[in-house]
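We use all heavy atoms of the structure for the numbers below, so side chains are in, but hydrogens, waters and symmetry mates are not.
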Amino acid sequence: MSTTAQSAEARHLLQVYGQLPLETTSAEGVYLHAGQRRIIDFYGGHAVAALGYAHPDLLATLEAQARSMYFQSNAVALDVRARAGDALAAFAPAGLDRVFFVNSGAEANENALRVACRATGRSRVVALEHGFHGRTAAAAAVTWGAAKGWYGFPRTPFDVEFIPRDDTARAGEAINGETAAVIIELVQGLAGAYDLDPAFVLTVAEACRRAGALLIVDEVQSGVGRTGAPFAADLYGVKPDMLTTAKALGGGFPCSALLMTEALARTLKSGALGTTFGGGPMACALVCTVLDVIRRDRLMDNVRTLSAEIRRTAVVGPVEDVQGRGFLLGLRCRRPAKDVQAALLDRDILVGTSADPAVVRLLPPLTLERQHVATLANALSDLGQ
Ligand SMILES: Cc1ncc(COP(=O)(O)O)c(C=O)c1O
């Protein structure tokens, strides 16, 4: 049965999304409000709501920036854009000092892949099986399964080789003098929060260095404190040439960024990249606030503590194992994740599913509290095996 909003959307909107049976009217903190129901959001709007909903600092920033100037293009230099660039470079792994703001995860990856092909003069890209990088031409070309499912373009813009995750030998063979770039998610989000083997990641990084290929780490989902570190690259101790991030970066305001090394930035001349909305003042003001609040409120400490708590308490009921890092977790279940999701929603807890039909995905706000973890564990336990 469809909700009232679903029927209303169906009048004119393309019906391309599977939607939850949920009529959300407002949201605050980690809760979605649906009539009289308060639902704990362990899904965070696809990992976007890092500070939850209606966060007072985000609201204050939105209002102040909107009053001062709510749009200006990159043709005009802005102090707020400069501050966002400084804040993001300071938050990012050392060496990624150059920032290009765009609007979505796919757009950040599209630009990273373009820069890689141009800078190396090569046209082969290595990607991982089960990886997801977005729906535009280049980003989808490196997305596992897109060609068979929904790619839609007659050909990809470059040759792509997919290698199995954690297969060190295949990585060594595939990354060679013809490789422009390797693009990886260190914790594969849509795949069910599958965290790559650190030894594999270091092998890939070393193979890139030897072959002169560029390493692109896609932190669209894993970045901005979600793993309990600023970026998953920090956890893995890997130094990418480029890093892309989006989702949580603007706390809900559309915003993404491509970060790169100074050496790579030097290959780009004026006019090499561009965007109308990217780096707009609203997004930039929010980036500053999101990063500031994460630091000020020690939210990465919270993520690490409560992630450990979830691992300790949530392997109950249908859950047999937990994978992932921080607040990008996959609960591997004995029954279909969709069924577990529906049963938890009946108990006013929203979780995500993933491309793995047995994995429930958790992407809660970084502001989650211990009581919410206990509610989840109790609900899972209630579900029985
Ligand atoms: C790892 C990763 N990369 C890229 C994207 C694409 O981001 P967007 O939907 O903002 O284009 C996503 C979206 O889910 C993602 O999880």
Exercise for review: Run through Leu366, Leu299, Val30 and flag the one making a side-chain contact (heavy atoms from CB on, under 4.5 Å) with Leu51.
Suggested key: Leu299
**Study point:** With Leu328, the side-chain contact (heavy atoms from CB on, under 4.5 Å) member among Arg226, Glu185, Gln323
**Key:** Arg226
Would you confirm whether [X], through its side chain, and [Y], through its main-chain N or O, come within 3.5 Å as a donor-acceptor pair?
X      : Y      : value
Thr24  : Ala34  : no
Asp348 : Ile39  : no
Ser256 : Ala246 : no
Gln341 : Val351 : yes
Glu28  : Gly52  : no

Residues [X] and [Y]: side-chain donor-acceptor under 3.5 angstrom:
X      : Y      : value
Glu110 : Thr136 : yes
Thr289 : Asp57  : no
Arg347 : Asn378 : no
Ser222 : Glu219 : yes
His33  : Ser26  : yes

From [X] atom [atom1] to [Y] atom [atom2], the distance as rounded to the nearest 0.5 Å:
X      : Y      : atom1 : atom2 : result
Lys239 : Arg209 : NZ    : CZ    : 13.5 Å
Asp292 : Leu286 : CG    : CG    : 12.0 Å
Leu190 : His133 : CG    : NE2   : 11.0 Å

Can you confirm whether more than 12 heavy atoms, excluding those of [X], are under 6.0 Å from its [atom1] atom?
X      : atom1 : result
Gln15  : CD    : yes
Phe71  : CZ    : yes
Arg325 : CZ    : yes
Tyr151 : OH    : yes
Arg296 : CZ    : yes
Arg298 : CZ    : no

Practice item. Over 60° means perpendicular and under 30° means parallel, so classify the ring planes of Phe231 and Phe91, tilted if in between. Key: perpendicular
Check your understanding: Can you say whether the rings of Phe162 and Trp144 are parallel (under 30°), tilted (30 to 60°) or perpendicular (over 60°)?
Key -> perpendicular
Which heavy atom in [X] sits nearest to a heavy atom in [Y], and how many Å separate them?
X      : Y      : answer
Pro254 : Ala283 : O-CB, 4.0 Å
Ala106 : Gly134 : CB-CA, 4.0 Å
Val373 : Glu309 : CG1-CG, 3.7 Å

Practice item. Report yes if the side chains of Tyr194 and Asp166 come closer than 4.5 Å at any heavy-atom pair, otherwise no. Key: yes
Exercise for review: For residues Arg210 and Ile175, determine if any side-chain heavy atom of one lies less than 4.5 Å from a side-chain heavy atom of the other.
Suggested key: no
Practice item. List the steps, then state whether side chain to side chain contact (heavy atoms under 4.5 Å, CB included) holds for Met242 with Met260. Key: CA-CA 4 Å; Met242 286 185 269; Met260 66 181 74; 3.7 Å; yes
Review point. Looking at Arg304 and Asp301, does any basic side-chain N land under 4.0 Å from a carboxylate oxygen?
Key: yes
Check your understanding: Taking it one step at a time, do Leu96 and Leu88 satisfy side chain to side chain contact (heavy atoms under 4.5 Å, CB included)?
Key -> CA-CA 9 Å; Leu96 295 173; Leu88 187 53; over 6 Å; no
Point to revise | Hphob cluster co-occupancy, Leu345 + Val360, side-chain heavy atoms under 4.5 angstrom | key: no
